[in-house]
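One-based numbering, in listed order, for ligands and for the atoms of each.
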Amino acid sequence: MMIVMTEDATDEQIAEVSALIEGTGAQVHISRGEMLTVIGAIGDGEHDSRVAGLGLEQLASVDRVVPIAKQYKLSSRQIRGGEDSIFDIGGAKIGGGNFSLIAGPCTVESREQLLTAGEAVRAGGASMLRGGAYKPRTSPYSFQGLGKEGLALLAEAKVETGLPIVTEVMDARDIEDVLEVADVIQIGARNMQNYPLLAELGRAGRPVVIKRGLSATLEELLMAAEYVLKEGNESVILCERGIRTFETAYRFTLDLMAVPVLKEMTHLPVIVDPSHAAGRRDLVEPLSLAAAAVGADGIIVEVHPDPQNAVCDGPQQIETTDFADYAAKVAAAAALAGKTLADQPQRA
Ligand code: PEP
Ligand code: MN
C-alpha cells in the first residue's frame, strides 16, 4: 500500500502515520519527493488488509491511500510519485537529467594498465571508473581476477583519477574487502538471482548496480532490485547488458526496448552495457548511440590501453586512444534525449 501525504503534512504527522503502519507488522518506507511525501507500507497481502483497515484516508494529513498492484513495490515508479531517483556517488550524479559514462577495463591486470585506462576515461569525460578484481568466467580455467591485489590497484586509481570506482563482488565473503574501495558494487548478470548476496548488499548500504540476467525478464530484474531496497539500501542502478536469444551472429542481443519500458516501470536509473552484449568492438559505438537515444541514464563500457593483449574480453574493449572521440559522440546522442554528461568529481 502507498500512503500519499498531503503537501503540508508535517514531520510529526508523517511519524504518526508511520507508527500506525508499523503496528500492523508492515515495513515502512518513506519517500520524500519535491512536493509530496509517500509512505510505502510494504508486506504481504495480510499486511495490506491490516493497513487498509486502519482507515488512514480519514486523517487530515493523508491525501489518499493507493494499493500497489505490482509485485515490485519499492522499485516501482509509483512509489516516488513518478519522480526519477538521482544518486550522488562521490560527487558523480546518476539519474534524472544526468548521463553517466562509466568506463574502464574489463578486469584489473596491472597498475600501468589500470592507470592508463583511468586517465584516458577521465580525460574523455567519464564520471566513474570500472574494473573487475573478481571476474565471473564461464570457464574455471580462465583468469579469475587479481582479487585483493586488484582492489589495491583500484584504490590507487581512485586517488589518481578522482573517479568513483565500480567493481564486482561475486561472493558475500569478499564484501568487506570490496567495500574498502568500491563506490558502486556491481552484481554480475550471473548473480542477478543470488538472493542472499543481494540482501547482504542491501545491508551493506553502498550503491549497487545490478546487471540483468542472461534470460531474466524485466520484472525479475526489478524483483532482484527489491531484495536490495527491502534492506534499506535505496541506491540501486539497473543495467541492460544483452540477453540470450536464438541469434548467434553476436554474443548477446542488446534489448534496448528494456530502457524505455524499465523507465516507465521504475524510478531507478537504467544504464546500458554495450560491450558485453556485442562482444565486438565495432558494435560498441553504434549500440551506445542507440542506448543514449532511447533514454538510458548512462553507459558502462570496457576500455583498455592494449585490447589485443587484454587478459579477457579483448575483442570488445575499445582502445583508450579512441575513447574521447567515442565519448563525445555518445554525449551528443544523450543530448538528443535531453540528458547532459554527468559532472566529474573534483580530483583531490
Ligand atoms: C562485467 O561487467 O565485467 C561482466 C562480467 O558483465 P556481465 O555480468 O554482464 O557478464
Ligand atoms: Mn568483460
Side-chain angles (χ1 to χ4, degrees), residues 100-109 113-114 117 121 126 128-140 142-147 150-151 153-154 164-171 174 178 182-194 197-198 201 207-216 218 220-221 224-225 236-245 250-256 258-259 262 270-281 283-284 287-288 291 296 298-320:
S100 305
L101 265 179
I102 305 170
C106 174
T107 186
V108 178
E109 297 171 20
Q113 172 246 14
L114 182 62
V121 305
M128 291 186 237
L129 175 63
R130 65 148 286 153
Y134 299 95
K135 295 302 299 177
R137 303 304 300 280
T138 302
S139 165
S142 304
F143 176 70
Q144 304 286 307
L146 289 181
L151 293 177
L153 292 171
L154 285 167
I165 301 292
V166 181
T167 196
E168 177 160 357
V169 72
M170 295 198 299
D171 185 328
D174 297 322
V178 172
D183 295 283
V184 178
I185 298 184
Q186 179 175 323
I187 288 284
R190 290 153 192 86
N191 264 322
M192 189 204 86
Q193 288 178 311
N194 184 339
L197 182 61
L198 292 165
L201 291 175
V208 175
V209 57
I210 305 178
K211 301 188 84 177
R212 180 181 182 185
L214 312 189
S215 61
L218 299 185
E220 285 164 341
L221 174 59
V236 178
I237 300 155
L238 304 171
C239 179
E240 161 61 32
R241 48 79 71 209
I243 52 174
R244 272 262 153 81
T245 68
Y250 26 78
R251 203 170 173 191
F252 294 97
T253 299
L254 186 63
D255 177 16
L256 284 179
V259 176
L262 278 172
V270 178
I271 63 170
V272 169
D273 174 347
S275 308
H276 289 91
R280 275 166 46 183
R281 186 174 309 116
L283 296 178
V284 169
L287 293 178
S288 302
I299 299 277
I300 181 163
V301 63
E302 289 188 343
V303 182
H304 194 287
D306 182 13
Q308 283 69 27
N309 293 302
V311 172
C312 58
D313 284 348
Q316 73 196 27
Q317 304 204 57
I318 54 179
E319 280 205 54
T320 44

Review point. Within H276, is some N, O or S atom less than 2.8 Å away from the Mn ion (ligand 2)?
Key: yes
Check your understanding: Under a 4.0 Å N-O cut-off, is there an ion pair linking E302 with R130?
Key -> yes
Heavy atom of the protein closest to [atom] (residue, atom name, distance):
| atom | value |
| --- | --- |
| atom 4 (C) of ligand 1 | H276 NE2, 3.5 Å |
| atom 6 (O) of ligand 1 | K211 NZ, 2.9 Å |
| atom 8 (O) of ligand 1 | A189 N, 2.8 Å |
| atom 9 (O) of ligand 1 | R241 NE, 2.6 Å |
| atom 3 (O) of ligand 1 | K135 NZ, 2.7 Å |
| atom 5 (C) of ligand 1 | P136 CG, 3.7 Å |

Practice item. Please calculate the SG(C106)-the Mn ion (ligand 2)-OD2(D313) angle and round it to 10 degrees. Key: 100°
Review point. Ignoring hydrogens and geometry, is there a side-chain-to-backbone donor-acceptor pair from N191 to N194 under 3.5 Å?
Key: no
Exercise for review: With the side chain counted from C-beta on, respond yes when H304 and C106 share a heavy-atom pair under 4.5 Å apart, and no when they do not.
Suggested key: no
Study note, to complete from the structure: One finds that the ligand 1 atoms under 4.0 Å from a non-hydrogen atom of R190 are 7 (P), 8 (O), 10 (O)
Practice item. Please confirm whether G132 comes under 4.0 Å of ligand 1, counting heavy atoms of the residue only. Key: no
